[in-house]
Amino acid sequence: MQFYPFSKIEKKWQKFWEEKKVFETKENSKKPKFYCLDMFPYPSAEGLHVGHFRGYTFSDVIAKKRKMEGYEVLHPMGFDAFGLPAENFAIKTGIHPQITTKRAINKIREQLKRAGLGYDWKREIITCEPEYYKFTQWMFLTFYKAGLAYKKFSPVNFCPSCKTVLAREQVIEGKCERCKSKVEKREMEQWFFKITAYAERLLKDLEKLDWPENIKTMQKNWIGKSEGAEVDFEILNQNLKIKVFTTRIDTIFGCTFLVLAPENPILEKLKQKIENWKEVERYIKEAKQKTEIERLAENRKKTGIKLLGIEVKNPLTEKIIPVFVGDYVLGEYASGAIMGVPAHDQRDFIFAKANNLEILWVIKGEGEIDYQKAFEGEGILINSGPFSGLKSQKAREEITKYLESKNLGKKAVYYKLRDWCISRQRYWGAPIPIVYCEKCGMVPVPEKELPVVLPKIKDFLPTGEGKSPLAKVKSFVNTKCPKCKRRAKRETDTMDTFVCSSWYFLRYVDPKNKKVFAQKKKIKKFLPVDLYVGGAEHATMHLLYARFFTKVLKDLGYLEFDEPFLKLFNQGTVYYKGAKMSKSKGNVVTPEYIFEKYGADTLRMYEMFMGPSDQAIEWSDKDILGVFRFLNKVWNLAKKVTKNKIENLNLEKLWHKTLKKVEEDVENFKFNTAISSLMIFCNFLEKEKEIPKDIFVDFVKVLAIFAPHLGEELYHRLTNKKNSVFFEKFPKADPKKLIEEKIIFLFQVNGKVRDKMEVEKGISREKAESLAFESEKLKKFLEGKKIEKVVFVKDKLINFVVK
Ligand SMILES: [Zn+2]
Ligand SMILES: [Zn+2]
């Protein structure tokens, strides 16, 4: 088989697109806008593998289609260049991250260009460049001034191998997301963004978004709203109260003990009164070493220590009950204390059994009570004084009302979401623009002094002492106080790289602006993002942070919208040899290999054709060949195109049917079935002697969004036009051509008409036969008979000769 000259064609058109600025966005255009965004890659030295191209291809098809539909499309690309992956690679190789990052970016940019992806490269952003991180620092200062950035001592997740603090989201099952080391708890002073102030809005506004349901659910669970009641338990003889939060206030008559989190500050206040303080103190210390995952593990023994000398009163039963400290209660969550209701909470049940505590059943479900385990469902209250007989839901309302009337408690809402720890003790990040002055205290760097430039240093290895390597750089640390001009010191922590990516989509509309992160007019023209394509692994980090940033900037008057990404699509992962493609597993196919062997158009088509776009799929070396053959077939079909206009009604009809299907499928991200419709259409073309030019040119326009190089080449060959195919209008199916003509079709047995049906014109022999066997009227003439002959007259009749 002779292959079409893909290599020559692809180079030619890539150059053409760049020279003619085909994919550059015109800011002053009067057309409606379409902002199509990919999650930008971090520059890894290995470059991208073919698995990475799936999402990029999807967004590119949509972007190209929108362009041809008359939109001013913004389709930019950049690099998420700060952070651990780049730095860890630099550490491994001993080469400065500035150099390795630059090399990696050059490599990836080249790969993306070779794939024929239509990005506006004039808008490229690189987050580790001072022109960009100047505004990351500006964002920090803006948050700081709005009271949304603060510093505090807190227990943090620390990776002993990466030697840095990790966000809660970066700890997966107790291990570092990056290097899989076991994460430790440390008490350190850290910077936080107050994302908790936006918990309710981040939750509520999920409703507005056209996002995959699973991502919305993950964010919902991550924010973790619980509605319930807060109750005060009075400590006997102490004039102190313990605040308890519960979502099941209907079970309060069954509360026979309290458990405090080891972090609960009331413990410190009570230490003089706790008779076994030494033992309690030791327990608290040990608990603080453990990670949340360890403390909450289902199968773990629920430990706890009774606080001797401390007793509280259940405000409803007036019973005197004991108090424990237990590490299965988390200090950061809710009030840091729970009411122990062993009959109606399995953890409390196990705890009560282990500590010989009273178990009182106060809710009755259907059937007999099983005294061997807790009943956690809803039911009717029993043994609950005046509330006995009420249903759980009603009881919760009534008991809360009662508590409020007696000033013993109130309705309350808690969220699992914590503030976002953004400081890192690492070199490769944007420095936090804060100065410490002995006289003035913490002073933000004035905006006009931004950026605080990350110094180029040789010794960029993490120190492991909880300090950034920047702390060793005297020329960086020593500075003047912006307020009093005395000697002062700079903050040496850098920002979490997720801060850089929380606002990058805003920068693309005005990437060269030196004064502001983006001009308002340009933001208004292009934002919010209409379509965002990327991996689902960012559900609770990047996608939540970017929403948070957008809401803050909206509140501060910088934006006019409060959701950044209206529609989100997550592409399925690519597997190879049974595992997710990755360099470390050695199961990687490089795009270069495919570019050389089959060309970029084959890679693109195969990325789409391999299976449903949102599902994980196995890369197949064999199937890609099928796609390559298809493109060769198209190449050869072009040779049959007539110069003159010829009529072929059947072909025209099939084309419009195909067009309609492709249109619908692409809009629903069903790229695989869209392509298979094009393949079916080409099979039909193969049988034709001549192909009408107008139909084939339209076919080429459609093909171009999937296989842009071949599309462009054939378009130019067939039309002699000078401009790009992407300035053409995307063909639309003509509804008139889609109407199926109906005819009356006769069904005969031995020459006698036994049934008539209205059928599609052009009905096939097979279809007519199967209709005959389904017909009730024909049944008695055909059943049990031997059919000797079938006569089929196109668009007229079918006759069965039987004996
Ligand atoms: Zn690590
Ligand atoms: Zn000062």
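Start at 1 and go down the list; that is how both ligands and their atoms are numbered.
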Tabulate below the donor-acceptor pairs under 3.5 Å that side-chain atoms of residues 133-140 make, not counting sequence neighbours, or state none.
{"from": "Tyr133", "atom 1": "OH", "to": "Leu454", "atom 2": "N", "distance (Å)": "2.8"}
{"from": "Lys134", "atom 1": "NZ", "to": "Lys514", "atom 2": "O", "distance (Å)": "2.9"}
{"from": "Thr136", "atom 1": "OG1", "to": "Trp503", "atom 2": "NE1", "distance (Å)": "3.2"}
{"from": "Gln137", "atom 1": "OE1", "to": "Val452", "atom 2": "N", "distance (Å)": "2.8"}
{"from": "Gln137", "atom 1": "NE2", "to": "Pro431", "atom 2": "O", "distance (Å)": "2.9"}
{"from": "Gln137", "atom 1": "NE2", "to": "Val452", "atom 2": "O", "distance (Å)": "3.0"}
{"from": "Trp138", "atom 1": "NE1", "to": "Glu447", "atom 2": "OE1", "distance (Å)": "3.3"}
{"from": "Trp138", "atom 1": "NE1", "to": "Glu447", "atom 2": "OE2", "distance (Å)": "3.3"}

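Judged purely by distance below 3.5 Å, without hydrogens or angles, the side chains of Trp211 and Gln219 never pair a donor atom with an acceptor atom. At a cut-off of 3.5 Å, with distance as the only test, no side-chain donor of Asp614 or Gln571 sits close to an acceptor on the other residue.
For Phe351, the CZ atom is densely surrounded, since the number of other residues' heavy atoms within 6.0 Å is greater than 12.
Taking 4.0 Å as the cut-off between side-chain N and carboxylate O, Asp205 and Lys551 count as a salt-bridged pair. A salt bridge links Arg424 with Asp496; the closest basic N to acidic carboxylate O contact falls under 4.0 Å.
Distances under 2.8 Å from the Zn ion (ligand 1) pick out the protein N/O/S atoms Cys159 SG, Cys162 SG, Cys176 SG, Cys179 SG.
Rounded to 10°, the angle that SG of Cys437 and SG of Cys440 form at the Zn ion (ligand 2) is 110°.
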